[in-house]
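To start, the structure itself, in structure tokens.
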Amino acid sequence: MKLEELGLPEKLVSSCLKRGISELYPPQADCVEKGLLEGKNLLISIPTASGKTLVAEMAMHRHVANRGKCLYVVPLKALASEKFEEFSGKGPKTGIATGDYDKKDEYLGRNDIIIATSEKVDSLLRNNAAWMGSITCLVVDEAHLIDSEDRGATLEMVITKLRHRNKDLQIIGLTATIGNPRALASWLDADLVTSDWRPVELKEGVFCRDTLYFGEEIKTIETPKKNDDENLCIDCVNDGGQCLVFVNSRRNAEGCAKRMASALKLDEPELEKLSVELEKAAETDMGRILAACVKKGAAFHHAGMKRDQREIVERGFRQGSIRVISSTPTLAAGLNLPARRVVIRDYLRFKGGEGMAPIPVREYRQMAGRAGRPHLDPYGEAVLIAKGPEAANGLYEEFISAPAEDVTSRLDDERVLTGQILSLISTGFVKTEEELPEFLNETFYVHMNKSTAYIGRIVEDAVALLEEAGMITRTGEYLSSTDYGHLVSRLYITPQTAEIITGALRERSGRETGAAPKEFSELGFLQVLCTTPDMYTLYIKKSDMDVLERFYFENEAELWREISFDSMEEGFRALKTAMLVNDWISEAGEDLICSRYGIGPGDIYNTVEGMNWLLHASSRLSSMMIPEFGDPVRETAIRVQHGIKRELLPLIRLKGIGRVRARRLFNNNIMAPEDLEKAGFDRVAAIVGKKIAQQIMKQAAGEGSADAKRRTRPENEYISDKEDEVPVNGRDDPSRPSLFSFGGGPE
DNA sequence: GTCTGCTCCCTGTAGACAGCATGTC
DNA sequence: CTACAGGGAGCAGAC
């Protein structure tokens, strides 16, 4: 099927021709025949790299040509940026919406194609972004993630909400191979397109001793080294290819990369350059090891790395200088980094409660699918390593010829469901108790399970919980959210988290009991936030325990939570995480924190990021519910955001001053904006440079007037929050109380 | 002295979305 | 409370 004959917009066709694409791949043609361009819903289940993206693009460009608007939903922020790059500059205006990269919401709506993570879409729905109503085409990338334990329920609800809202939405689901594609397709009222056609041949096989078994085809390789993974990689690299090794732990990833590096011992100017770049970014042992490995042509990849480190590794691999990457599953589902040979070394992975368990077939496929770079490799090879000859057959059956798992709905997760119900009520999707099951009837869960008995019970519990928490109220048959509930929904924290936060603060305030308010302690508050289900906490190692216990007893007075015997693990995980953040706001160095907790710099970033988010939510919640703690909460938020001790707070308010410059000024006895003038321009300039000095001294001079006023937030900020969009179903809900009442407070 | 190879024993276990308002070295 | 492999310690042998 010729691309030019499909009546597609000029720009798309020409950009394809430029990349040498003039004819559709067979599965793509199949999609067109099934009505892709006539607005039919499709569920497309075809291998990676067989042109899913182009299918989506064709449909989206059609919509844009007809003045439609498209939403492309992805599971990862990194994937959002990747797609953004890919879609940009082909005609339609493209925008991206993720937590950390965001053009203003209303500006977003001016785009023709919007790329967003599923959580961001959910958040936009909760905040009633008006343009969501004009979406005509929804593309769900990696739709099988509806099965994901922690995030699947959100995705399912997002799809359901969007369909409910825009009745004639065209839905295109892109999915890896799954066991029950028909079930998913019928939920979406979609035609199914399946195929295992690939642009590059994929050989899947097992390696044993010195031989690769690809079904009938057998290939013996040289085995100079003791380890199978090294032999496989060296063989591939000597053949001019690149190799990707999947392992099951970070330590293994690093260890493997080290061995590969000393086996390869490459010495090339490009590698030297990358290594120097990494050396500059390295402040930790991990960073130095990475730089040393890259110098010789190997690298590792896992979530403990900083973003810039990952990017350098990815770039080095794409340009071909880095030959081998050993990786944890980060790279399996993440971005597109194909290699000629993929070695799945560890097909067992630690699973809580079960010990080592085999990875799901679907995950094996995702990893195997990375093999073979289109146009660059003659074929791709995915290799499992067998311990012995008997094991080899087992691996064939267990992974290569095994059918992919079915996907199931994860909507019966109580925690997620409670938050989702709150958001349904808060945004007006659901107005009465009867409408709730009606709405849920449209979900994949009910589609699959038919019966609503089980989920009905969860829903009942959830409604009761929300009512008791004062997040929703009942007026006759009407359900509506209180201002507290509305805020919780919009902050995108789970109701449980909100209750833990407000509960802890209220308890300290002594409101409930009439007792005298207790003092606020950052450490105690951080500890509480770490016990929240929205915060993910660090693992505990055996060697951590004595440090943790000592810390616990030394700081008992400041902590807000006791660690009980039956939830030791959780308790100490929360404590460890709180300790990390506490170190961070004591200005401990990256290096020190990493070695103290046995983590990578990326983990610090993630932890701080999560804490930042919860602190922001906390400051909003405290303004509304427990205003007497508003100031200390906000103060903690600022300290975590910048990673500074309390003494730097006055300086940090100046624009252009971050943690480093503030510290430098402070150590030179300039402790507050007022001190700047006393010190004089020349001294300030000597510390932070002329340009910054000029900038901040001007600000300091203007202090106390308009600037200072702006900083105190208006007391009723949470009420005056712009409610500029009309609620989903049109008219305002008459039953919503116009003024909030202190939920749960003394009546 | 240093590198390598071997065995034994102990240790520890992947990943990552969301708010918000602008400015780090 | 699960299973397994990596890697350190300790030692011997080769250069």
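Below, chains carry the letters A, B, ... as their sequence lines are ordered, and counting in each starts from 1. All values below were derived from every heavy atom in this structure, side-chain atoms included, with hydrogens, water molecules and symmetry-related copies excluded. On a predicted model such as this, the values are computed, not experimentally measured, just so you know.
Between A/K655 and the phosphate of B/dG23, there is a side-chain N or O to OP1/OP2 separation shorter than 4.0 Å. For B/dG15, one of the phosphate oxygens OP1 or OP2 lies less than 4.0 angstrom from a side-chain nitrogen or oxygen of A/T328. Proximity of A/T117 to the phosphate of B/dA18: a side-chain N or O atom is located under 4.0 Å from OP1 or OP2.
Between A/I359 atom CD1 and C/dC4 atom P there is a gap of 16 Å when expressed in whole angstrom units. Spacing between atom CZ of A/R415 and atom C1' of B/dA18 amounts to 12 Å, rounded to whole angstrom units. Between A/R259 atom CZ and C/dG7 atom P the separation is 7 Å, expressed in whole Å. Here B/dG15 presents its C1' atom at 18 Å from CZ of A/R251, a figure rounded to the nearest Å. When the C1' atom of B/dA16 is taken as reference, atom CG of A/L335 falls 14 Å away, rounded to whole Å. Between A/L145 atom CG and B/dG15 atom C1' the separation is 12 Å, expressed in whole Å. For the pair A/D308 CG and B/dT24 C1', the computed distance is 13 Å after rounding to whole Å. The separation between A/K351 atom NZ and B/dG15 atom P is 17 Å, rounded to whole Å.
Using a 4.0 Å heavy-atom distance criterion, A/R126 is classed as making no nucleic acid contact. Using a 4.0 Å heavy-atom distance criterion, A/L76 is classed as a sugar-phosphate-only contact. Within the nucleic acid shown, A/R345 comes within 4.0 Å of sugar-phosphate atoms alone, with no base atom in reach, counting heavy atoms only. Residue A/N248 is classed as a sugar-phosphate contact, given heavy-atom separations below 4.0 Å to backbone atoms only. In this structure, A/G355 reaches the bases: a heavy-atom distance under 4.0 Å links it to at least one base atom across the strands shown. Within 4.0 Å (heavy atoms only), A/I657 reaches sugar-phosphate atoms of the nucleic acid but no base atom. Within 4.0 Å (heavy atoms only), A/S543 reaches sugar-phosphate atoms of the nucleic acid but no base atom. The residue A/A617 sits apart from the nucleic acid: no heavy atom pair falls under 4.0 Å.
For A/V660, whose side chain is taken as the heavy atoms from C-beta onward, the closest listed nucleotide among B/dT13, B/dG15, B/dC25 is B/dC25. When the nucleotides B/dG15, C/dG6, B/dA18 are ranked by their closest atom to the side chain of A/R250, B/dG15 comes out on top. In the set B/dA16, B/dC20, B/dT24, the nucleotide with an atom closest to the side chain of A/R620 is B/dC20. Proximity note for A/Y492 (side chain, C-beta onward) versus B/dA14, B/dG19, B/dG12: the nearest is B/dG19. The nucleotide whose nearest atom lies closest to any side-chain atom of A/L348 is, among B/dA16, B/dA14, C/dC4, C/dC4. Counting only heavy atoms from C-beta on, A/H616 has its side chain closest to B/dC20 among B/dG15, B/dG12, B/dC20. Of the listed nucleotides (C/dG7, B/dT13, B/dG15), B/dG15 has the atom at the smallest distance from the side chain of A/T330. The side chain of A/E119 lies closest to B/dC17, out of B/dC17, B/dT24, C/dG7. Minimum atom distance to the side chain of A/W613 is reached by B/dA18, of the listed B/dT13, B/dA18, B/dA14. Considering only side-chain atoms of A/M356, the nucleotide from B/dG12, C/dA3, B/dA18 that sits closest is C/dA3.
When the P atom is used for both B/dA14 and C/dG7, the distance is 13 Å, rounded to whole Å. Only the C1' atoms considered, C/dT2 is 12 Å distant from B/dT13, to the nearest whole Å. Using C1' as the reference atom, C/dA3 and B/dG19 are 42 Å apart when rounded to the nearest Å.
Relative to the ring axis of A/W584, A/R659 places its NZ or CZ within 45° and under 6.0 Å from the centre.
The only member of A/L108, A/L125, A/I114 that meets side chain to side chain contact (heavy atoms under 4.5 Å, CB included) when paired with A/M132 is A/L125.
For A/Y536 and B/dA16, the ring-to-base geometry satisfies the stacking test (centroid distance below 5.5 Å, interplanar angle below 30°).
Between the side chains of A/H616 and A/Q641, no donor-acceptor pair is found at a separation under 3.5 Å. Side chains of A/E590 and A/T284: a donor-acceptor N/O pair is absent below 3.5 angstrom, by distance only.
Taken from SG in A/C530 to CZ in A/F525, the straight-line distance is 10.5 Å, to the nearest 0.5 Å. Atom CG of A/D413 is separated from atom CG of A/D150 by 9.0 Å, given to the nearest 0.5 angstrom.
Mapping A/G598 and A/D603 onto DNA chain B by nearest heavy atom places A/G598 at the nucleotide closer to the 5' end.
The distance between the ring centers of A/Y484 and A/H486 does not fall below 6.0 angstrom.
A salt bridge is absent between A/E283 and A/R288; no separation between the charged side-chain nitrogens and carboxylate oxygens falls under 4.0 Å.
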